[in-house]
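Worksheet: one structure, shown below.
Counting starts at 1 for both ligands and their atoms, in listed order.
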Amino acid sequence: MPPEKHALLSASSASRWLVCTAAPRFEEGLPESISTYAKEGRLAHAIAELKVLKKFTAAVTPGAYATRLNKLKKEELYDPEMDKTTDLYLDHLVEQAMLYDSAPTVAAEVKVDFGEYVPEGFGTCDCVMIGCDTLSITDYKHGKGVPVSAVDNPQMRLYALGALKRYVPVFGDTIKKVRMTIDQPRLDSYTSDIITVEELKAWGESIKPIAQKAFSGLGEFVPGEHCRFCRGKAQCRARAKVNTALEDFKDCVPMSKATPEQLAQAEEDGRDGIPTHLLSDAEIGDLLIRGQQLVQWYKDLEEYATKALLDGKPIEGWKLVAGRSNRTFTDQDAAIKAVIAAGYDEALVYDRKPKTLSELEKLMGKAEFAEKIGSFVVKPLGKPALALATDKREAYNPAASDFAGVVQE
Ligand code: SF4
């Protein structure tokens with residue numbers, strides 16, 4: 001598969017450059033490396049595209065489909081899971097097509113141009129459907145790191161603006177609504193957002209000045225969660241400043257070690273008896289959030305330094321050493337045979353273990369698994385874990401743990 005060309009202000013990085021307008025030009029000057037995950041994603045996309053073309057269009061004959069699919073399956077990064085996840089994606093597209101009163105027009109891997117809103121902006125929609133008054137775009141995501149929601153998603157909105165530009169000349173103003181969907185089958189995450197064409201265009205107008213600033217190279221560095229996928233995440237000074245600002249709290253002492261003077265000062269400051277040098281609960285909440293960024297930043301620095309040292313670039317004060325490893329047989333079958341030949345009973349040499357719940361579900365398929373052994377499945381309440389207040393999961397309810405073991409998924 002040839003390397004993909006990306007716009008400076010790509011749709012996939014929009015959630016970053018819409019906040020940190022300095023990022024695109026900063027990243028531009030840094031070397032790009034394509035991760036194995038990205039390569040796997042591209043292969044899965046190629047399989048998905050082929051399946052969409054076969055299902056919805058006459059662009060691929062059955063013979064050509066089989067030949068092309070077999071060729072993709074011979075790629076080094078091919079995993080049978082890709083076949084399953086792209087099937088799920090296809091099933092979901094079929095469901096979406098059935099939402100239309102009559103069969104919609106369907107196209108796969110559609111090149112779109114949203115340069116009217118974002119300088120030199122272009123990209124590719126994985127699937128576009130048009131029928132009645134609705135244009136529908138769907139993005140397949142092969143990653144299983146974090147679920148990505150389609151709601152208020154700038155990447156999807158930019159693709160949608162590009163798709164409108166492409167299809168309005170054909171379908172005219174019959175298109176009144178846009179449905180944007182993100183399918184992430186490996187995370188069982190399927191989300192959609194629907195807005196009117198007017199709302200979408202108004203949003204496009206609202207981001208124009210931001211896009212201009214990001215393109216011009218006069219943008220500002222604004223660190224945040226979006227740094228995670230930035231090419232400059234390890235070297236960015238603005239991000240380093242935010243994280244080293246935790247220094248502000250370096251003089252804090254535990255409550256038990258506060259001096260009478262500090263306690264008296266806190267009283268005077270009206271901080272509910274909390275000394276200036278102690279953290280309030282609000283500060284702890286804030287620090288926990290900033291600490292998450294700090295941990296991620298430190299990991300990024302480690303990753304950067306490891307790569308630099310592997311590439312022969314010195315990082316002062318650091319070197320690479322061999323990590324821990326476990327002993328292993330060069331030929332396990334031959335080793336086991338030798339153990340049995342030495343007089344040990346086979347029953348002592350082998351463990352007979354049942355397959356795990358997930359392995360059995362994979363073996364039987366979801367439907368048969370649910371029918372035959374679903375009644376044996378329970379999902380106990382997990383241990384309480386700290387999460388951000390904005391987390392979509394329900395707050396932990398200790399009373400619910402009384403029913404642990406009878407909660408069924
Ligand atoms: S690391 Fe963060 S702050 Fe720095 S350029 Fe990238 S997105 Fe902006």
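- In this structure, the separation between CD1 on I182 and CG on D139 is 6.0 Å, given to the nearest 0.5 Å.
- C20 SG, 2.3 Å is the protein heavy atom nearest to atom 8 (Fe) of ligand 1.
- Judged by a 6.0 Å distance limit and a 45° cone about the ring axis, R179 is positioned over the six-membered ring of Y100.
- For atom 4 (Fe) of ligand 1, the closest non-hydrogen atom of the protein is C236 SG, 2.3 Å.
- Atom 6 (Fe) of ligand 1 has C230 SG, 2.4 Å as its closest protein atom, hydrogens excluded (heavy atom only).
- For R42 and Y37, the positive end is not near the middle of the six-membered ring at less than 6.0 Å and at most 45° from its axis.
- Annotation for ligand 1: atoms under 4.0 Å from non-hydrogen atoms of F26 are 5 (S).
- Taking CG of L43 as the reference point, atom CG of D79 lies at 9.5 Å (rounded to 0.5 Å).
- Protein heavy atom closest to atom 2 (Fe) of ligand 1, with residue, atom name and distance, is C227 SG, 2.3 Å.
- Heavy-atom contacts of V222 reach the following atoms of ligand 1: 3 (S) (cutoff under 4.0 Å).
- Minimum interatomic distance between I210 and L18 (heavy atoms only, all atoms of both residues): CG2-O, 3.6 Å.
- Counting atoms of ligand 1 from 1 in the listed order, those under 4.0 Å from a heavy atom of R16 are 7 (S).
- A salt bridge is defined here as a Lys NZ or Arg NE, NH1 or NH2 lying under 4.0 Å from an Asp or Glu carboxylate O, and D87 with K51 meets this definition.
- With a heavy-atom cut-off of 4.0 Å, H226 touches ligand 1 through its side chain alone.
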